[in-house]
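I have placed the structure first, in the form of structure tokens, so that the comments after it can refer back to it.
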Amino acid sequence: MELKLYDTLSREKRVFAPIDPANVRMYVCGPTVYDYAHIGNARPVIVFDVLFRLLRHIYGADKVTYVRNITDVDDKINARAARDYPGIPLNDAIRKVTEQTAAQFQSDVTALGCLQPTHQPRATEFVLPQHAHKSDMVSLIKKLIDRGHAYTAAGEVLFDTTSMPDYGALSGRKLEEQQAGARVAVDAHKKHPSDFVLWKQSSADEPGWESPWGRGRPGWHIECSAMSAAYLGEEFDIHGGGLDLIFPHHENEIAQSRCAHGTSTMANYWMHNGFLQVEGEKMSKSLCNFITIQDVLKDWPGEVARFNMLKTHYRQPIDWTVKSLNESVNALDRWYEFAGDADPSDPTRTFLEALADDLNTPQAISEIHRLTHSSRAGVMRAGQRIGSRPRPGELRACANFLGLLTLTGSEWRSKAVQDTSVDVEVVQKLIAARSAARKSKNYAESDRIRDELTAMGVAIKDAKDAKTGEMTTTWEVAR
Ligand SMILES: [Zn+2]
């Protein structure tokens with residue numbers, strides 16, 4: 001089977017050819033563990049889990065190495081630790097925050113049906129040279145200085161972006177443009193505004209490691225260069241992450257890795273999943289539409305969330321809505337009904353070809369839908385064997401391939417059927433309060449009420465009355 005993947009760097013869909021088919025290597029940037037992961041963080045985890053499954057199918061389950069890191073050193077973590085545990089030494093507080101958050105992340109992504117990556121290294125274990133024959137951050141930074149790609153200034157070690165002729169190739173940003181367009185005051189110690197931190201000094205109570213440049217801590221980008229090289233080598237097959245990581249994170253990973261190792265490539269395929277928005281709006285804490293994976297799992301089985309994510313092609317933006325989640329429940333209901341007690345046979349060729357075409361999950365899902373139609377037709381024509389035949393085993397096999405339909409029918413029914421009783425009076429009062437808030441242009445309040453309704457499992461729809469021109473709101477119980 002020919003696998004084609006879209007590569008952000010070459011900006012084209014290409015036939016995938018691994019460097020070593022006996023060890024196909026993929027790295028995906030993992031979470032910075034300081035807070036609950038939001039539903040946008042779940043997207044790359046699910047998308048690259050499907051790719052991991054596909055690669056294992058094509059090359060063999062023991063022939064694929066998938067590394068997803070955990071960033072457990074970051075100034076956001078320090079700030080959170082100081083805020084949440086003011087009474088204890090900062091380093092102890094940091095450990096509490098990172099351990100709890102990492103454990104929560106593991107349980108979240110397990111509930112979303114994701115396989116464990118082959119390795120999940122923590123950044124703090126790769127700062128100093130202590131793993132035999134494994135890459136580490138301090139050694140990488142030393143190499144960059146030795147090769148003339150980094151310099152020290154004002155206690156920091158910085159990457160010299162002008163030392164790399166094709167810096168900016170992934171994001172398409174040119175250094176000259178960045179110089180001209182730099183709006184923020186250029187840090188006086190930087191040679192060029194694009195130069196970025198590899199190492200910075202730590203105060204006595206901040207996390208720090210002894211290094212040739214004093215006690216300090218690494219910048220974010222160098223973490224992934226060290227951990228990917230440690231497990232996958234200087235050049236590997238696939239590097240993935242969200243679209244928002246292209247610049248500066250992935251651009252800088254490429255710069256560090258290629259300049260430290262003297263290679264022309266870091267990874268052969270750069271894959272990026274699209275953005276996620278919620279009910280048509282960008283997710284942000286200020287809009288109060290910030291949904292954690294935990295929030296989703298409170299209201300929906302993990303399988304519904306996973307299906308809902310895979311209905312959209314990974315490179316397209318996705319709109320996360322209650323309506324769509326409801327449709328996902330209904331689709332899974334149908335699949336469970338048709339699959340019955342059938343054991344999985346083999347996924348169909350059409351299904352696998354869809355996935356092999358740059359992970360076209362919407363196409364793969366329509367193939368599964370088609371199998372349910374075949375089942376229907378087959379049942380109606382039982383005995384005649386004309387046209388379609390029942391294919392519950394294939395349906396289950398295809399769905400399983402996507403990490404779906406993993407329960408028995410009765411497990412699914414007991415999970416999916418939850419209490420949907422909604423107090424009509426409360427809903428009507430909230431909708432009236434929301435309309436009043438909108439009339440007085442208090443949109444923060446009207447959004448807050450909408451979110452409250454969403455959380456209750458109520459989906460609302462605004463429309464203009466054709467006759468009066470007045471805005472009216474209709475609602476329905478989400479499930
Ligand atoms: Zn990374």
Side-chain angles (χ1 to χ4, degrees), residues 7-9 25-35 37-38 40-49 51-52 65-77 98 101-102 105 109 114 117-127 134-141 144 159 161 164 167-171 173 194 196-200 217-261 263 265-275 314:
D7 171 29
T8 309
L9 182 57
R25 291 162 283 161
M26 171 164 80
Y27 185 92
V28 175
C29 295
T32 300
V33 284
Y34 72 101
D35 203 352
H38 59 70
N41 300 135
R43 194 171 188 195
V45 179
I46 293 173
V47 162
F48 291 104
D49 178 68
L51 180 57
F52 183 39
T65 307
Y66 171 22
V67 179
R68 187 180 64 217
N69 72 293
I70 292 172
T71 293
D72 59 350
V73 49
D74 188 282
D75 289 356
K76 287 198 282 282
I77 298 174
T98 57
T101 316
F105 179 78
V109 299
C114 298
T118 322
H119 303 285
Q120 296 194 72
R122 288 161 179 262
T124 47
E125 292 165 11
F126 289 83
V127 178
K134 284 210 190 304
S135 165
D136 64 86
M137 299 174 214
V138 164
S139 304
L140 271 185
I141 296 171
L144 287 169
F159 185 90
T161 48
M164 184 185 186
Y167 177 82
L170 182 72
S171 59
R173 297 184 188 217
S194 294
F196 56 91
V197 171
L198 299 168
W199 189 262
K200 57 184 153 191
R217 58 195 191 280
W220 173 32
H221 316 306
I222 196 74
E223 297 177 9
C224 288
S225 284
M227 287 182 275
S228 60
Y231 288 101
L232 305 177
E234 296 178 354
E235 292 177 292
F236 53 95
D237 298 300
I238 299 168
H239 193 311
L243 208 58
D244 52 327
L245 294 184
I246 292 178
F247 189 88
H249 186 53
H250 289 168
E251 196 73 82
N252 293 348
E253 278 189 40
I254 292 176
Q256 295 161 160
S257 294
R258 282 185 43 204
C259 291
H261 305 310
T263 51
T265 308
M266 180 183 181
N268 283 328
Y269 297 80
W270 286 84
M271 295 179 65
H272 294 98
N273 62 272
F275 289 116
Y314 77 93

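Residues take their numbers from the sequence shown, with the count starting at 1. Both counts, for ligands and for their atoms, begin at 1 and track the order of listing.
- Excluding waters, the set of protein N/O/S atoms under 2.8 Å from the Zn ion (ligand 1) reads C29 SG, C224 SG, H249 NE2, E253 OE2.
- Side chain of D72 to main chain of A123: a donor-acceptor pair is present (N/O by atom type, distance under 3.5 Å, no hydrogens or angles).
- For the side-chain contact (heavy atoms from CB on, under 4.5 Å) test, residues two or more places apart in sequence or in another chain that qualify with T101 are V33, V97.
- Using bins of under 30°, 30° to 60° and over 60° for the plane-to-plane angle, the ring pair H272/H250 lands in the tilted bin.
- Pairs engaging residues 217-235 under the salt bridge (charged side-chain N to carboxylate O under 4.0 Å, His left out) rule: D75-R217, E206-R217 [sequence neighbours left out].
- Using a 30° and 60° split on the angle between ring planes, H249 and H221 fall in the tilted class, from 30° to 60°.
- Legend: residues meeting salt bridge (charged side-chain N to carboxylate O under 4.0 Å, His left out) with D7, ordered by chain and number and at least two apart, are R14.
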